Amino acid sequence: MNYSIFRIHLDLHNTGSQVHIRLNRGDTARKFVFYFTEDGTAYGLDGVAGCLFTATKPDDNAIIHECDVDKVNNVIEYTVGEQVTAIEGTL
């Protein structure tokens with residue numbers, strides 16, 4: 001499957017670096033690649049053992065999915081699962 005890739009840069013000390021992403025219902029052809037910085041400097045993932053994507057759907061059911069931690073490229077990747085876009089609304 002060809003994924004549309006969203007490259008998201010987040011600073012651990014800047015809450016204004018958050019993003020909103022709009023997806024269509026049933027859309028699973030999306031991948032998020034997260035790059036982390038700390039006050040503008042790349043944040044190393046060497047000590048990161050794992051990462052979870054968590055959200056609450058509009059029907060109040062929780063989503064918990066594992067992410068891939070790529071220590072070589074210093075990114076965390078998440079491929080959108082079908083439950084993320086199963087129900088219309090904001091997560």
Side-chain angles (χ1 to χ4, degrees):
M1 175 182 289
N2 291 329
Y3 294 99
S4 290
I5 299 174
F6 293 88
R7 288 171 173 54
I8 302 166
H9 297 263
L10 299 174
D11 193 300
L12 299 175
H13 295 286
N14 179 3
T15 58
S17 70
Q18 306 305 311
V19 298
H20 293 259
I21 299 172
R22 190 169 187 86
L23 300 173
N24 292 320
R25 187 173 181 185
D27 187 358
T28 58
R30 305 287 182 250
K31 180 184 275 192
F32 304 146
V33 178
F34 296 97
Y35 300 84
F36 294 95
T37 59
E38 188 170 32
D39 292 324
T41 302
Y43 183 80
L45 300 176
D46 291 335
V48 176
C51 181
L52 296 175
F53 171 86
T54 63
T56 303
K57 299 191 300 186
D59 63 1
D60 288 328
N61 285 311
I63 298 169
I64 303 172
H65 292 160
E66 286 190 42
C67 299
D68 295 321
V69 178
D70 181 347
K71 294 179 183 179
V72 173
N73 294 308
N74 209 37
V75 298
I76 293 177
E77 298 179 351
Y78 174 70
T79 302
V80 173
E82 66 181 56
Q83 284 301 310
V84 172
T85 59
I87 297 175
E88 189 173 322
T90 302
L91 272 71

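If you're wondering where the values come from, they're calculated on a predicted model, not measured in any experiment.
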Inset, instruction - Can you tell me which residue pairs pass the side chain to side chain donor-acceptor pair (under 3.5 Å) test with a partner in residues 51-60, sequence neighbours excluded? - result: K57-Q83, D59-N61
Inset, instruction - Write down the atom of Y78, the atom of H65, and the distance for their closest heavy-atom approach. - result: OH-ND1, 2.7 Å
Legend entry - Whether over 12 other heavy atoms sit under 6.0 Å from I64 CD1: no
Inset, instruction - Using atom types as modelled and distance alone, determine if a side-chain donor or acceptor of K31 lies under 3.5 Å from a backbone N or O of I5. - result: no
Legend entry - Separation between CD of E77 and CD of E66, rounded to the nearest 0.5 Å: 14.0 Å
Inset, instruction - Could you tell me whether the side chain of N74 and the main chain of L45 form a donor-acceptor pair under 3.5 Å? - result: yes
Legend entry - Same apolar cluster (I L V M F W Y, side chains within < 4.5 Å links), L52/L10: no
Legend entry - Over all atoms of both residues, closest heavy-atom pair of F53 and C67: N-SG, 3.7 Å
Under 3.5 Å, sequence neighbours excluded: what are the donor-acceptor pairs made by side chains of residues 32-43?
| residue | atom | partner | partner atom | Å |
| --- | --- | --- | --- | --- |
| T37 | OG1 | D11 | OD2 | 3.1 |
| E38 | OE2 | H13 | NE2 | 3.1 |

Legend entry - Single-linkage hydrophobic cluster I21~V80, side-chain heavy atoms < 4.5 angstrom: yes
Distance-only check: which donor-acceptor pairs under 3.5 Å involve side-chain atoms of residues 84-91, not counting sequence neighbours?
| residue | atom | partner | partner atom | Å |
| --- | --- | --- | --- | --- |
| T85 | OG1 | G26 | N | 3.3 |
| T85 | OG1 | D27 | N | 3.2 |
| T85 | OG1 | D27 | O | 3.2 |

